[in-house]
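Scroll down for the structure; my scribbles are underneath it.
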Amino acid sequence: MDFDKENSDSLQASAVSAKAVLSEKGTKAMERIVAVKIGDNLIDIGAPVDPVAEIKPVYLNSPEGLVIMRHSTSHVMAMAVRELFPGVKVTIGPAIEDGFYYDFDYERSFREDDLAAIEEKMKEIIKANLPFQRTEMPRLEALAFFEKAGEKYKAEIISEIDAEKVSLYTQGNFTDLCRGPHIPSTGMIKAFRLTRVAGAYWRGDERRGMLSRIYGVAFADKKDLKEYLHRIEEARKRNHVKLGAQLELFSTHEEVGAGLVIWHPNGCMLRHIIEDFEIREHLKRGYQLVKGPEILKTELWKASGHFDNYRENMYFTVIDEQSYGIKPMNCLAHMLIYRSKIRSYRDLPKRYFELGTVHRHERSGVLNGLLRVREFTQDDAHILCTPEQLNAEIIGVLDFVRDVMGIFRFDYELELSTRPEKSIGSDSDWELATGALENALKESALSYDVNEGDGAFYGPKIDVKLKDALSRKWQCATIQCDFTLPERFDLHFVDKDGERKRPVMIHRVILGAVERFIGVLIEHYAGAFPVWLSPVQAVLLTVTDRNVEWAEKAYKALLEADIRVESDFRNEKLGFKVREAQLKKIPYMLIVGDKESEEQGVAPRLRSGENLPFTTVEEVIARISDDCKQRR
């Protein structure tokens with residue numbers, strides 16, 4: 001896609017490039033600079049600048065530098081694809097987290113076995129060290145240029161741009177519509193890998209044609225790429241859907257329906273352990289257990305604002321000509337419990353906790369094992385308090401999150417999400433609610449990022465992003481501050497002066513959706529749960545049939561001591577039974593042979609492969625009990 005560069009605006013002969021300014025200042029590591037920043041604007045290092053402007057270099061290994069390099073790599077991939085597959089049409093190719101993608105329209109879908117050839121062609125382009133050259137062109141001229149080249153997708157984009165000129169970037173014989181900036185030349189790309197192909201609709205519209213999307217990753221150096229690929233391989237091994245089947249935790253079935261989970265005995269036990277833990281942790285922090293119905297009249301969902309602001313995510317049904325909404329959240333019933341009697345300021349705060357099952361209408365394309373489902377259980381609580389108590393209650397929830405995440409061995413980050421465009425409530429209430437969350441974060445000396453416009457429709461929120469063993473982030477806990485729903489449901493308390501006052505409501509979850517949290521736990525621990533969480537803590541393995549009599553007595557003793565134990569008394573080779581138990585990631589394998597039968601004990605073996613010396617059943621019980629007490 002060559003074009004006549006003489007048609008572009010020529011630079012003034014006296015212009016000074018950003019690179020020249022940086023060189024004159026003696027900036028270090030010039031070869032690692034990919035662009036420059038003036039104020040909030042990123043521009044090419046070769047762009048003309050005011051010599052007195054404050055210019056900051058953007059290095060390759062910086063977050064902004066990596067985004068620029070990854071976007072440039074997508075241009076290189078598009079060039080390689082066009083050279084290898086004549087007639088292909090290019091669409092868009094943005095940078096994404098850790099990498100990039102580009103969508104193509106070709107006579108056939110691209111396949112995984114196309115990637116090796118594309119990578120080799122990209123390496124040739126990178127080795128050629130082609131400069132990225134920016135040119136501005138009148139919009140109509142650019143439209144004609146791409147139409148002549150048969151690039152209908154680029155022409156469509158240009159036709160919707162409201163500007164007199166557009167910018168184009170060229171490397172070698174490939175030109176693309178792009179705002180930029182880009183790295184100085186293709187040779188700066190040091191480490192990349194094409195990872196997979198997928199289908200994608202043009203602009204996400206199912207009515208438009210299906211395109212081929214090629215994904216890739218790119219990093220500042222080969223060491224970072226190697227570490228990333230190792231994490232990806234580890235993530236593949238830890239995939240919770242694969243491990244869920246291997247450990248017999250859960251399954252999904254097409255005949256049941258998408259996004260609906262069936263829990264097997266091991267998975268149901270894991271849920272029970274987590275839910276029992278949650279109930280005890282809530283009770284000792286002053287929460288009260290409550291439970292609301294699965295369906296409530298649609299009029300209630302209209303009163304709350306869910307019908308107008310959230311109904312696309314809800315299911316509805318009609319019973320005796322009355323419309324009901326299947327609950328996507330638990331807050332309505334909790335407010336009705338509060339409203340059931342007159343409350344004094346002395347009664348507050350009220351902390352209502354429910355392991356509430358909810359249903360949400362998720363699109364089939366986003367469903368993913370346990371991580372995104374249509375039916376799930378939330379560890380949901382609503383705190384109703386006076387405005388004066390609000391700060392302490394938010395801090396209490398933050399402390400609760402800290403304690404629980406420590407037990408599950410998670411690090412986490414915090415994010416404050418502010419008012420979205422689609423919301424209810426007054427500006428003053430939103431300011432008060434946002435300020436309350438922010439003050440609690442500051443008073444707790446917690447660092448946080450601000451996520452503009454991503455709050456709930458009824459209030460701002462603090463989101464907790466868990467970091468798992470592979471440093472991946474997962475959204476689970478959230479704390480939402482709400483002045484609006486208490487007003488809509490006319491909630492009040494009698495203050496010490498005898499006047500009716502409006503309480504504030506905190507919506508909060510600690511683990512979030514139990515299903516999602518279990519999915520994250522599976523991947524975090526690679527299925528090897530700590531002993532206190534393991535659905536099966538020990539398995540008794542007999543060497544021969546003559547060992548069964550003692551093994552059955554040991555099995556009964558372990559059960560009576562509340563140890564979650566299984567028995568494997570099959571007439572199979574011991575090595576076979578041990579391998580099966582290791583695949584199930586059972587913490588303790590208790591082997592019973594002739595010596596153990598004679599001396600009334602067991603020979604423990606850990607799932608790590610470590611063999612422990614002969615021990616009594618009582619000592620095994622004490623060890624497992626101590627593991628549970630210490631949350632090991």
Mind checking whether [X] and [Y] have ring centres under 6.0 Å apart?
| X | Y | answer |
| --- | --- | --- |
| His507 | Tyr458 | yes |
| Tyr352 | His382 | no |
| Phe100 | Phe192 | no |
| Phe277 | Trp532 | yes |

Strictly distance-based, threshold 3.5 Å: is any side-chain N or O of [X] a donor or acceptor partner for the main-chain N or O of [Y]?
| X | Y | result |
| --- | --- | --- |
| Thr252 | Val261 | no |
| Glu362 | Gly259 | no |
| Gln600 | Ser597 | yes |
| Gln537 | Pro587 | no |
| His524 | Arg409 | yes |
| Asp482 | Gly459 | no |
| Gln389 | Leu348 | yes |
| Asn239 | Lys242 | yes |
| Asp379 | Gly512 | yes |
| Ser625 | Ala622 | no |

Does the distance from a Lys or Arg side-chain N to an Asp or Glu carboxylate O, for [X] and [Y], drop under 4.0 Å?
| X | Y | answer |
| --- | --- | --- |
| Arg285 | Asp403 | yes |
| Lys123 | Glu120 | yes |
| Arg111 | Asp113 | yes |

- [ ] For the residue pair Phe353 and Tyr287, categorise the inter-ring angle as parallel (less than 30°), tilted (30 to 60°) or perpendicular (more than 60°).
- [x]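 Perpendicular, since the angle between the ring planes exceeds 60°.
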For [X], which residues count as a side-chain contact (heavy atoms from CB on, under 4.5 Å) partner, sequence neighbours excluded?
| X | result |
| --- | --- |
| Leu336 | Leu300, Arg339, Phe489 |
| Glu438 | Leu416, Lys442, Tyr448 |
| Lys222 | Ala191 |
| Ser417 | Glu415, Asn451, Asp454, Lys461, Asp463 |

Open item on the list: Which residue is it: Val617, Asp568, Val602? I am looking for the one with a side chain to side chain contact (heavy atoms under 4.5 Å, CB included) to Leu540.
Closed with: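 Checked Val617, Asp568, Val602 against Leu540; only one passes side chain to side chain contact (heavy atoms under 4.5 Å, CB included): Val602.
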Task: side chain to side chain contact (heavy atoms under 4.5 Å, CB included) partner of Arg238, chosen from Leu470, Ile522, Asp468 - done: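 Single pass found, and it is Leu470.
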Would one find more than 12 heavy atoms of other residues, nucleotides or ligands at under 6.0 Å from atom [atom1] of [X]?
| X | atom1 | result |
| --- | --- | --- |
| Arg280 | CZ | yes |
| Glu233 | CD | yes |
| Arg363 | CZ | no |
| Gln630 | CD | yes |

Less than 4.5 Å apart, side chain to side chain, heavy atoms only: is that true for [X] and [Y]?
| X | Y | result |
| --- | --- | --- |
| Val531 | Cys628 | yes |
| Leu355 | Leu289 | no |
| Tyr588 | Ile563 | no |
| Leu414 | Val464 | yes |
| Leu521 | Phe410 | yes |
| Ile510 | Val397 | yes |
| Lys327 | Asn330 | yes |
| Asn368 | His240 | yes |

Of all pairs that satisfy salt bridge (charged side-chain N to carboxylate O under 4.0 Å, His left out), the ones with a partner from [range], not counting sequence neighbours:
| range | result |
| --- | --- |
| residues 622-632 | Asp626-Arg632, Asp627-Arg632 |
| residues 527-552 | Arg546-Asp594 |
| residues 515-539 | Arg271-Glu515, Arg472-Glu523 |
| residues 599-614 | none |

Kindly give the heavy-atom pair with the smallest separation between [X] and [Y], and that separation in Å.
| X | Y | answer |
| --- | --- | --- |
| Cys481 | Leu390 | SG-CD2, 3.8 Å |
| Pro613 | Pro604 | O-CD, 3.4 Å |
| Asn61 | Arg32 | CB-NH2, 4.5 Å |
| Phe250 | Val241 | CZ-CA, 4.0 Å |
| Ala333 | Gly292 | CB-CA, 3.7 Å |
| Gly593 | Val543 | CA-CG2, 3.6 Å |

- [ ] Please assess Lys237 against Glu234 for the test salt bridge (charged side-chain N to carboxylate O under 4.0 Å, His left out), listing each intermediate value before the final yes or no.
- [x] CA-CA 5 Å; Lys237 294 176 183 177; Glu234 275 297 305; 3.8 Å; yes
Task: For Lys467, all residues meeting salt bridge (Lys or Arg N to Asp or Glu O under 4.0 Å), sequence neighbours excluded - done: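 Only Glu413 meet the salt bridge (Lys or Arg N to Asp or Glu O under 4.0 Å) criterion with Lys467.
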- [ ] Examine Arg70 relative to Phe219 and say whether NZ or CZ is less than 6.0 Å from the centre of the six-membered ring and inside a 45° cone about the ring axis.
- [x]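 Because its charged atom sits under 6.0 Å from the ring centre and within 45° of the axis, Arg70 does stack over Phe219.
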Task: Derivation and outcome, side chain to side chain contact (heavy atoms under 4.5 Å, CB included), residues Val197 and Asp114 - done: CA-CA 9 Å; Val197 297; Asp114 292 322; over 6 Å; no
TODO: State the CG-OH distance between Asp98 and Tyr228, to the nearest 0.5 angstrom.
DONE: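 Asp98 CG to Tyr228 OH: 5.0 Å, rounded to 0.5 Å.
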Sorted by first residue and then second, give each side chain to side chain donor-acceptor pair (under 3.5 Å) pair with at least one member in [range]; sequence neighbours left out.
| range | value |
| --- | --- |
| residues 254-270 | Ser251-His264 |
| residues 553-567 | none |
| residues 576-585 | Thr542-Lys577, Arg570-Glu580 |

